[in-house]
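For reference, the structure is listed below as structure tokens.
Quick note: numbers below take in every heavy atom, side chains included, and nothing from hydrogens, waters or symmetry partners. Every chain is numbered from 1 and lettered A, B, ... according to where its sequence line falls, protein lines coming before strand lines.
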Amino acid sequence: MKIATWNVNSLKVRLPQVLEWLATHQPDVLCLQETKLEDKNFPIGAIEAAGYRAVSSGQKTYNGVAILSRSQAQEVVRGIDGFDDAQQRVISASLPTPSGPLRIVCAYVPNGQSIDSDKYRYKLDWLAALTGWLRAELQQHPRLALLGDFNIAPEDRDVHDPLAWKDQVLCSEPERVAFRELLALGMVDAFRRFEQPENSYSWWDYRMMAFRRNRGLRIDLILLSGALAESCTACGIDKEARRVERPSDHAPVSCELI
DNA sequence: ATGTCTCAGGGACTGAGA
């Protein structure tokens, strides 16, 4: 089965591109971030017409996450248990598979703005809460995949110009330490389990012709629990989705699970 | 290189967030 994640930067604007991508790539699961829609405005009709179910946790203007799936999502949970957060950034659900239930956690990690911002402190607190919560979730759901926009480039090879980005938000050491705390739960970065092209990124700033010059960062990730990582046979970034008319600034990332 | 895109408020543009 194929599971995927995509920061769409407004589902209202990006709906045609999302429907096109679903039709072409036929994922079993697609996690969306930055839907920027309240649940009552979610385009459920168009999604269902495309053959998918959807659960969402949205708000007006900012943030918002959703899980699209072929089969009906079960045990849907919104947010991080024990972390009071007005921002809609996490939705989780279970999906039946032949190998047993698959737990999907769709996350939109705070951007942090800059390392001297109060939003950066919020980002680090948020990541600590996510990690603590996931430790318990993994006990409950051993076949767990965490997909989303992490707003962290894990290593220098995930950055087009590591020197320019050194100690900047998305690349700073405290963020990378927080990311490694997630890995320490036994999670595996699916993308790095396979040989990949050099200079592989998932996000490029709209400005400065960044995409055309491939000046990007790899911040959209799929982390798999140990049990699931064994069954992963491929992982890749779909740069083509960044070449379409009116693209998101992010490209989708997907992986294959047996 | 504060250079693009999206959204809300409010009825043209500005500011916020990314």
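- Following rounding to the nearest Å, A/L217 (CG) and B/dA18 (P) show an atom-to-atom distance of 15 Å.
- One can place CD of A/Q113 at 15 Å from P of B/dT2, the figure rounded to the nearest angstrom.
- What separates CZ of A/R207 from P of B/dA18 is a distance of 13 Å, to the nearest Å.
- Residue A/D118 contributes atom CG, which lies 13 Å from atom P of B/dA16 at whole-angstrom precision.
- Separating the CG atom of A/D205 from the P atom of B/dA18 is a distance of 13 Å, rounded to the nearest angstrom.
- Looking at A/I3, A/D149, A/T5, A/L147 one by one, the single match for side-chain contact (heavy atoms from CB on, under 4.5 Å) with A/V253 turns out to be A/T5.
- For A/N63 and A/Q88, the side-chain atoms include no donor-acceptor pair closer than 3.5 Å.
- If you take atom P in B/dC7 and the same atom in B/dT2, they sit 25 Å apart, rounded to whole Å.
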For nucleotides 5-11 of chain B, give me every protein contact, N/O to N/O, under 3.5 Å, one pair per line with atom names.
residue	atom	partner	partner atom	Å
B/dT6	OP1	A/R14	NH1	2.9
B/dT6	OP1	A/R14	NH2	3.0
B/dT6	OP2	A/R246	NH1	2.8
B/dT6	O3'	A/S10	OG	3.4
B/dC7	OP1	A/S10	OG	2.4

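- No contact: A/F211 has no heavy atom under 4.0 Å from any strand.
- A straight line from CH2 of A/W204 to C1' of B/dA18 spans 16 Å, rounded to a whole angstrom.
- A salt bridge (charged side-chain N to carboxylate O under 4.0 Å, His left out) check over residues 121-136 of chain A, counting only residues at least two apart or in different chains, returns the pairs A/R121-A/D125, A/K123-A/E175.
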Taking distance alone, no hydrogens or angles, what donor-acceptor pairs closer than 3.5 Å link side-chain atoms of residues 213-228 of chain A to residues at least two apart or in another chain?
residue	atom	partner	partner atom	Å
A/R213	NH1	A/M208	O	2.8
A/N214	OD1	A/W204	NE1	2.9
A/N214	ND2	A/N199	O	3.1
A/R218	NE	A/D158	OD1	2.8
A/R218	NH1	A/D189	OD1	3.3
A/R218	NH1	A/D189	OD2	3.4
A/R218	NH2	A/D158	OD1	3.3
A/R218	NH2	A/D189	OD2	2.7
A/D220	OD1	A/H250	ND1	3.2
A/D220	OD2	A/S202	OG	2.6
A/D220	OD2	A/H250	ND1	2.8
A/S225	OG	A/P142	O	2.6
A/S225	OG	A/L144	N	3.1
A/S225	OG	A/L144	O	3.3

Test A/E173 against A/R180 for salt bridge (charged side-chain N to carboxylate O under 4.0 Å, His left out), laying out the working first. CA-CA 10 Å; A/E173 200 50 31; A/R180 290 196 289 271; 2.7 Å; yes
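- Where A/D149 and A/M209 meet DNA chain B, the nucleotide closest to each residue was compared, and A/M209 sits on the side nearer the 5' end.
- Ring orientation note: the planes of A/W165 and A/H160 are nearly perpendicular, at an angle over 60° on the 30°/60° scale.
- Whole-Å rounding puts the A/E34 CD to B/dT4 P distance at 19 Å.
- Comparing B/dC5 with B/dG10, their P atoms sit 26 Å apart, to the nearest whole Å.
- Shortest non-hydrogen contact noted between A/V8 and A/R14 is O-NE, 2.8 Å.
- Rounded to whole angstrom, the span from the CH2 atom of A/W203 across to the C1' atom of B/dT4 amounts to 11 Å.
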